[in-house]
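Bear in mind the structure is a predicted one, so any value in this text is a computation, not a measurement. Every number for a ligand or one of its atoms is a count from 1 in the order of the listing. Only heavy atoms go into these numbers, but all of them, side chains included; no hydrogens, no water, no symmetry mates.
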Amino acid sequence: MARAPGRVNLIGDHTDYCGGLALPVAVDLCTEVAFSPTGSPALDLRTDADRSPVTLPLSPPGDHAPGAVPQWGRLAAAVVAQVRPPAGGTVDVRSSVPVGAGLSSSAAFCVGLALALGADAAPPALASLCQRAEAAVGSHVGLLDPLAVTAARPGHALLVDFATLDLDHVPVPEEAALVVVHSGVTRTVGGSPYAARRAECEQAAAALGAPLGRAEEADLARLSGPLRQRARHVVTECRRVREAAAALRTGDLPAAGRCMAESHRSLATDFAATVPAVDDLVAHLLARPGVHGARMTGAGFGGCVVALAERGALDPGAWPGRCWEVRPSAGATREAWGPGRGR
Ligand code: GLA
């Protein structure tokens with residue numbers, strides 16, 4: 001039985017695949033995956049998100065054409081192909097992580113499934129395994145989500161340097177409330193301009209001869225047009241991640257909140273990764289008393305906004321749409337379960 005949390009990224013978006021910095025937290029919404037080995041030559045998977053079960057033969061594993069099984073089944077097959085469990089059985093998945101919201105339902109699914117099937121690796125290797133599974137189904141994402149899901153600690157944000165994969169746990173002050181608000185615009189990474197932005201960042205890095213995560217603001221003069229804007233977002237975002245982490249360490253929530261608000265402006269203007277509903281939601285949240293900062297979170301192009309607020313300033317129960325107050329939580333875990341152990 002494995003449990004893998006969703007994550008919300010406090011700051012540092014579209015920096016992971018550029019070798020930059022990010023500051024995510026794992027949240028107390030999670031995906032639980034229970035695996036009961038039966039010795040059969042196939043895996044029978046069920047999820048509470050879809051009535052139709054999926055059966056995956058173990059030999060040969062994976063490689064299901066789009067449409068042959070639902071997308072979650074293709075992703076499961078890609079994870080199975082990576083983990084290569086020795087025996088089949090039944091897999092039950094249930095999740096409180098909303099899909100298409102920017103809270104990493106997909107990484108929670110991959111990490112939870114990989115762990116339940118027996119994957120045994122330290123967070124960076126497990127995160128890479130999940131990244132390869134996502135890539136196998138056409139989603140060329142970075143390491144942000146599976147690393148946050150695997151390596152987080154309760155009460156802390158995770159400062160990740162994607163150039164070195166150095167991880168640093170930054171305490172989130174007790175008095176900080178993290179509130180996630182859905183914009184109402186659902187999207188998938190695959191169906192968004194994510195790949196186009198990533199390609200622009202790669203072009204900019206090639207022109208500079210260095211990953212954008214290590215570029216300096218002075219380098220930007222060597223670029224022009226949209227490539228310069230995309231690069232400026234990445235370079236300034238990495239600075240803001242450092243500043244926000246330092247502000248959290250000293251308990252300076254207003255300073256951390258200012259970094260988040262600036263990050264949103266940069267993602268809206270330089271990176272063009274927001275939509276009007278998300279911009280309006282951020283502006284609305286920033287105008288509320290007790291809100292230190294708010295920004296889009298994750299891939300963008302819809303999905304959720306994260307706000308850093310005083311405790312009690314935002315009441316999820318009174319919010320007209322989907323809204324969660326989340327607690328910085330532990331990364332993924334696995335335990336044996338069965339008759340007598342309960343669930
Ligand atoms: C998605 C991807 C991540 C990352 C973010 C943007 O969540 O899965 O790898 O690129 O978008 O920061």
Point to revise | Nearest-neighbour protein heavy atom for atom 3 (C) of ligand 1, which is reported as residue plus atom name and distance | key: Asp16 OD2, 3.3 Å
Exercise for review: State if Arg197 counts as touching ligand 1 under the rule of any non-hydrogen atom under 4.0 Å.
Suggested key: no
Practice item. Could you tell me which atoms of ligand 1, counted from 1 in the order shown, lie closer than 4.0 angstrom to a heavy atom of Asp13? Key: 6 (C), 12 (O)
Point to revise | Under 3.5 Å: donor-acceptor pair, side chain of Arg230, backbone of Asp270 | key: yes
Check your understanding: Val141 heavy atoms, cut-off 4.0 Å: which ligand 1 atoms fall inside?
Key -> 2 (C), 8 (O), 9 (O)
Exercise for review: Could you tell me whether some N/O pair between Thr15 and ligand 1 is separated by less than 3.5 angstrom?
Suggested key: no
Practice item. Please name the residue in the list Thr15, Asn9, Val149, Leu158 that meets the side chain to side chain contact (heavy atoms under 4.5 Å, CB included) test with Leu144. Key: Asn9
Revision key, fill the gap. Atom 10 (O) of ligand 1 sits nearest the protein heavy atom Tyr194 OH, 2.6 Å
**Study point:** Gln131 contact mode with ligand 1 (heavy-atom cut-off under 4.0 Å)
**Key:** neither
Review point. Taking the side chain from Asp161 and the backbone from Asp166, do they hold a donor-acceptor pair closer than 3.5 Å?
Key: no
Check your understanding: Of Gly142, Ala148, Gly20, Ala299, which has the heavy atom at the shortest distance from atom 11 (O) of ligand 1?
Key -> Ala299
**Study point:** From OG1 (Thr333) to CE (Met1), nearest 0.5 Å
**Key:** 8.5 Å
Point to revise | Check: Glu310/His292 side-chain N/O donor and acceptor closer than 3.5 Å | key: yes
Exercise for review: Give yes or no for whether the N/O distance cutoff of 3.5 Å, strictly under, is met between His14 and ligand 1.
Suggested key: yes
Check your understanding: In ligand 1, which numbered atoms sit nearer than 4.0 Å to a non-hydrogen atom of Leu144?
Key -> 4 (C), 5 (C), 12 (O)
Practice item. Could you tell me whether some N/O pair between Tyr17 and ligand 1 is separated by less than 3.5 angstrom? Key: no
Exercise for review: Under 4.0 Å from a heavy atom of Arg7: give me the atoms of ligand 1 that qualify, with their elements.
Suggested key: 7 (O)
Point to revise | Heavy-atom nearest neighbour in the protein, as seen from atom 7 (O) of ligand 1, with distance rounded to 0.1 Å | key: Asp145 OD2, 3.0 Å
Point to revise | Ring geometry between His169 and His156 (parallel below 30°, tilted from 30 to 60°, perpendicular above 60°) | key: perpendicular
Exercise for review: Check the side chains of Asp44 and Thr90 for a donor-acceptor pair under 3.5 angstrom, ignoring hydrogens and angles.
Suggested key: no
Exercise for review: Flag the pair Tyr17 / His140 as yes when their ring centroid distance falls below 6.0 Å, and as no otherwise.
Suggested key: no
Exercise for review: Mind telling me whether Phe301 and His14 have parallel, tilted or perpendicular rings, with 30° and 60° as the class edges?
Suggested key: perpendicular
